[in-house]
Amino acid sequence: RWEAGQQLALARLLAAVRGHGELRLDAAFVEAMRGVLRHPALDAAFKELVLTPPSETYLAEQLGQDIDPQRIHAVRESLKHQLARALHDDWAWAFD
């Protein structure tokens with residue numbers, strides 16, 4: 001599950017960085033992350049690992065020569081903010 005979550009996030013992040021730097025999370029990704037967050041049998045620490053996007057360093061390594069650190073940072077932050085907004089009620093549920 002961790003690897004699948006990382007691959008899902010990585011594909012979206014790399015596409016946005018290689019594109020115009022704009023990321024729009026699709027419903028399938030959001031629902032996959034919601035499923036992890038709300039899964040009753042998964043440990044909270046494991047959920048944290050799955051829900052944490054790949055690091056900026058890892059993204060840069062995947063891009064090879066065409067590295068724009070500001071774009072990488074902005075796209076990764078955008079993913080975190082969009083996921084936080086989309087899963088707001090789920091995060092509150094998990095916290096309670």
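Connection of V30 to W93 is not established within any shared hydrophobic cluster, with ILVMFWY side chains joined at heavy-atom distances below 4.5 Å, either directly or through further cluster members.
Here side-chain hydrogen bond (donor to acceptor under 3.5 Å, both in side chains) pairs that include residues 43-53, with residues two or more places apart or in two chains, number zero.
In terms of the salt bridge (charged side-chain N to carboxylate O under 4.0 Å, His left out) criterion, D89 has no residue partners (sequence neighbours excluded). Remark: E77 engages K80 in a salt bridge (charged side-chain N to carboxylate O under 4.0 Å, His left out) (not counting sequence neighbours). In this structure R38 satisfies the side chain to side chain donor-acceptor pair (under 3.5 Å) test together with D90, sequence neighbours excluded. Every residue meeting the salt bridge (charged side-chain N to carboxylate O under 4.0 Å, His left out) condition with E22, not counting sequence neighbours, appears here in chain and number order: R24. Scanning for salt bridge (charged side-chain N to carboxylate O under 4.0 Å, His left out) contacts around R71 gives an empty result, with sequence neighbours left out.
Separation of atoms CG (L79) and CZ (R12) is listed at 9.0 Å; rounding is to 0.5 Å.
Taking every heavy atom of both residues into account, Q82 and L23 meet most closely at NE2-O, 2.6 Å. Residues F46 and W2 come closest through the heavy atom pair CZ-N, 3.8 Å. What you find for P54 and L13 is that their closest heavy atoms are CD-CD1, 3.8 Å. Here the closest heavy-atom approach between residue L87 and residue R34 is recorded as CD2-NH2, 3.4 Å. Looking at every heavy atom in both residues, V75 comes nearest to G21 through CG2-O, 3.5 Å.
Within the 4.5 Å cutoff, the side chain of V17 has no heavy atoms near those of the D68 side chain. Between L63 and I72 there is a side-chain heavy-atom pair separated by less than 4.5 Å. In this structure the side chain of W91 reaches within 4.5 angstrom of the side chain of L51, judged on heavy atoms.
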